[in-house]
Amino acid sequence: MALLQDLIQQIDDPTLRDRILQETDKLIKQKKFGLVFEEHLPECTPLYDVPIRVGSKVARKIGYVSDIYTVLKIEGSAVLCDRRETHEQVTFQMDEIVAIAEFGEPIFPTLKLLDSVENAPDSDLWHTLIEADNYHALQLLEYLYAEKVDCIYIDPPYNTGAKDWKYNNDYVDGSDAYRHSKWLSMMEKRLKLAKKLLNPEDSVLIVTIDEKEYLHLGCLLEELFSGKTMQMVSITINPSGAKRDNLFSRSDEYAYIILFGNAQVVHPKGNGNEREVRWWYLRRTDYASRRGTVKGGVAQFYPIYVDDKTMKIVAIGEALKPEQSRFDVPAIEGATPVFPVRDDGVEMNWGITRDSLQKLCKEGVVRVSPGSKNQQYVFRYLSANYVDKIKSGRWAVRGLREDGTKIVVETEGKVTRTTTVWQNKSYDAGQYGTSVLGDIIGSGKFTFPKSVYAVMDTLKYFIANKENALVVDFFAGSGTTMHAVNLLNSIDNGHRRCIMVTNNEVSADEAKALDEKGYRPGDKEWDRLGIARYVTWPRTVCSIKGCNIDGKPLDGNYGCNVEQYTEIEGEIVNPETGKKIRGKVYKKEKEPAYPELADLKMSDGFKTNVAFFKLSFLDKTSVALGRQFRELLPVLWMKGGAIGKCPAFESDELPEMLILPQNKMAVLIDEIYYSEFDAELSQHPEIQTVFIVTDSEIAYRSMIRAYDGKDCYQLYRDYLDNFRINTGR
């Protein structure tokens, strides 16, 4: 139906077009239950780097890319074409059309280096940004890194109806009756490929979304990732709320999390500073634990005698029988018998037995503080497993208080059990997304970027303990994900690598303005304003160098100073007695939300490197004959782990071999020189990836026999046989 609607829009007769649209509208209103959408809506791909020849399938650069023509004749810049649907013959100028590939047709990719930034010459860590339609980039990544990716984080278009994404080279707006089907079809194809990239033993997929498509997305994820653990969290990204007429203001969005294999949440351990452990209140709080209920056969309603002068426990009485009143227990001079009683007078139970409490008192892990009218003193304690935690090194004793109780701290910082509602002030997308991006590349160039801290923390929950994690974002947008990965690496000197993919589309308004000036997609003036070159790459370069696009140093640091309450020791007043006692009070002040980043100035940038590529396409025959090795070299570099600077050579003549220890890879181009190649390789044990160019499977198996433990690939057979872009696999 969606394809039919697209075809109807191409009817020139307005009366006929409107009548047919009326009939199709009737069909559209026929509802079905469940997640029902057209899964095979066709997608066509413009191939700007592929030359147009007689017989080529082409489409107009401006218009429906699914409106396909076949080239009949070329005379100079004039191209005579046959329109598939009507067989009408039309003449276009060469710069008006582009070669296209339909879904299901094999096309063969490569990477063309556009630029790079090298801010750490001594490091072999290289991130990559790929300018491409993400579907084709994902199929390339499947060839390169199948089941090797640790984390995929994506922020897809939210399908708001505001022309913020394209389907078949045309913006999808709110009037498109099939916009939900188009969105789901687009997402399904890409998520199926993403699934092939993720390590099935231990990895995570994170997808952010808002209220427009979260229900559809949730159903799609459950269908595609059946059997996997899935959670959804709510993230407050706009504390003041986005206005919705006659509705609640929207302040949050969602993130779906799919866990593979052994993947799990790594709960944060604070800022690495030692903090006191949590002490549990001794009195039960839930009504089900009131007096008269017996836990484990042992009554836990007994008196605790507290010396009124020293505020120390001097005795613990026997548990009372059900018929005994708490007011009839024996008295101890100078001490008050305390029972677990709520403010409303309901008698409760203590949280542990009398014997357990006596043992903990002897060990100095029971604290006493003033209480209320019904329960004159409050007791807090450490559960018996604190001994095991101290033995394991997670906790440690740092001395004694004046009352003789132990000071126990978490040695690795306080562990916080994160909930599904995230409300950190640092997640404000306006202050830490839009403003951060504006300071780097100027305001107004990209709408609604994520807070870099929101992305960093989201990644940290899953790859904090993976210092060599491979992270992929194939809806890269402004480039926040790589920025966040660089921050993570700065915290722990990690070696995490990020691959970002984004198209180079311009906005709907920019497209209209460029069209009026006579520019077309693929023109230099058009490409310059595309998101990859106008936003993502400049942000990446500037954040790494520590300057804005004008070369001026960035202000501030990455500590993210936010208003928060700091816990300090002070005097508080007991409302019952009016006495001043020592206790914990809180002071409101601006403190860094990330103290571990407070010393990292934004002007320092990051000690890392990034290569910027454009996805391009090759001729199958030329690849098979080995005529495009130079063009394929960046692909081989990425398959070898993108270690070190991407190699290149300018000579038209191919060398017999390439030994690249700085890239930990080697290529035998002419198999005649295998003996020399093998001898060279033996001198470089650091080389882990080996490519052999040969048409003989037997010869290939024989040559790699000595390379046990290395990753070996046969060219060009491996590329041609295992890589099929656009086949719909």
Enquirer: Is the backbone of Gly644 close enough, under 3.5 Å, to the side chain of Trp637 for a donor and an acceptor to pair up by distance?
Expert: yes
Enquirer: Looking at Asn503, is its backbone amide N or carbonyl O close enough to the side chain of Asn134 to form a donor-acceptor pair, meaning the two atoms are under 3.5 Å apart?
Expert: no
Enquirer: Taking Asn663 for the side chain and Ile643 for the main chain, is one N or O donor matched with an acceptor at less than 3.5 Å?
Expert: yes
Enquirer: Nearest 0.5 Å please: distance from the CG atom of Asp150 over to the CG atom of Asn468.
Expert: 9.0 Å
Enquirer: Would you find a donor on one side and an acceptor on the other, under 3.5 Å apart, between the side chain of Trp183 and the backbone of Pro157?
Expert: yes
Enquirer: Do any N or O atoms from the side chain of Ser226 and from the backbone of Glu223 form a donor-acceptor pair under 3.5 angstrom?
Expert: no
Enquirer: Is a side-chain donor-acceptor pair under 3.5 Å present for Thr458 with Tyr153?
Expert: no
Enquirer: Do any N or O atoms from the side chain of Tyr453 and from the backbone of Tyr558 form a donor-acceptor pair under 3.5 angstrom?
Expert: yes
Enquirer: Hey, does Pro538 have a side-chain heavy atom less than 4.5 Å from the side chain of Ile440?
Expert: no
Enquirer: Would you tabulate the side-chain donor-acceptor contacts of residues 381-389 under 3.5 Å, counting partners in other chains and residues two or more places apart, or write 'none'?
Expert:
unit_1: Ser383; atom_1: OG; unit_2: Asn385; atom_2: OD1; d: 2.8
unit_1: Tyr386; atom_1: OH; unit_2: Glu363; atom_2: OE1; d: 2.9

Enquirer: Hey, is the main chain of Ser203 close enough, under 3.5 Å, to the side chain of Asn199 for a donor-acceptor pair?
Expert: no
Enquirer: Salt-bridge test for Glu253 and Lys450: reply yes if a basic N is under 4.0 Å from a carboxylate O, no otherwise.
Expert: yes
Enquirer: Does the Asp133 side chain pair with the main chain of Tyr135, one donor and one acceptor, at a distance under 3.5 Å?
Expert: yes
Enquirer: So does Asp202 pair up with Lys466, basic N to acidic O under 4.0 Å?
Expert: yes
Enquirer: Just to verify, what does Arg497 make a salt bridge (Lys or Arg N to Asp or Glu O under 4.0 Å) with, not counting sequence neighbours?
Expert: none
Enquirer: Just list the side-chain donor-acceptor pairs under 3.5 Å for residues 256-264, sequence neighbours left out, or say none.
Expert:
unit_1: Tyr256; atom_1: OH; unit_2: Tyr214; atom_2: O; d: 2.8

Enquirer: Going by salt bridge (Lys or Arg N to Asp or Glu O under 4.0 Å), name the residues that satisfy it together with Glu147, two or more places apart in sequence or in a different chain.
Expert: none
Enquirer: Just by modelled atom types, is the Ile544 backbone N or O under 3.5 Å from a matching donor or acceptor in the Asn119 side chain?
Expert: yes
Enquirer: With salt bridge (charged side-chain N to carboxylate O under 4.0 Å, His left out) as the rule and sequence neighbours excluded, what pairs involving residues 601-611 come up?
Expert: none
Enquirer: Suppose we screen for side-chain hydrogen bond (donor to acceptor under 3.5 Å, both in side chains). Which residues come up paired with Ser234, at least two apart in sequence or across chains?
Expert: Asp252
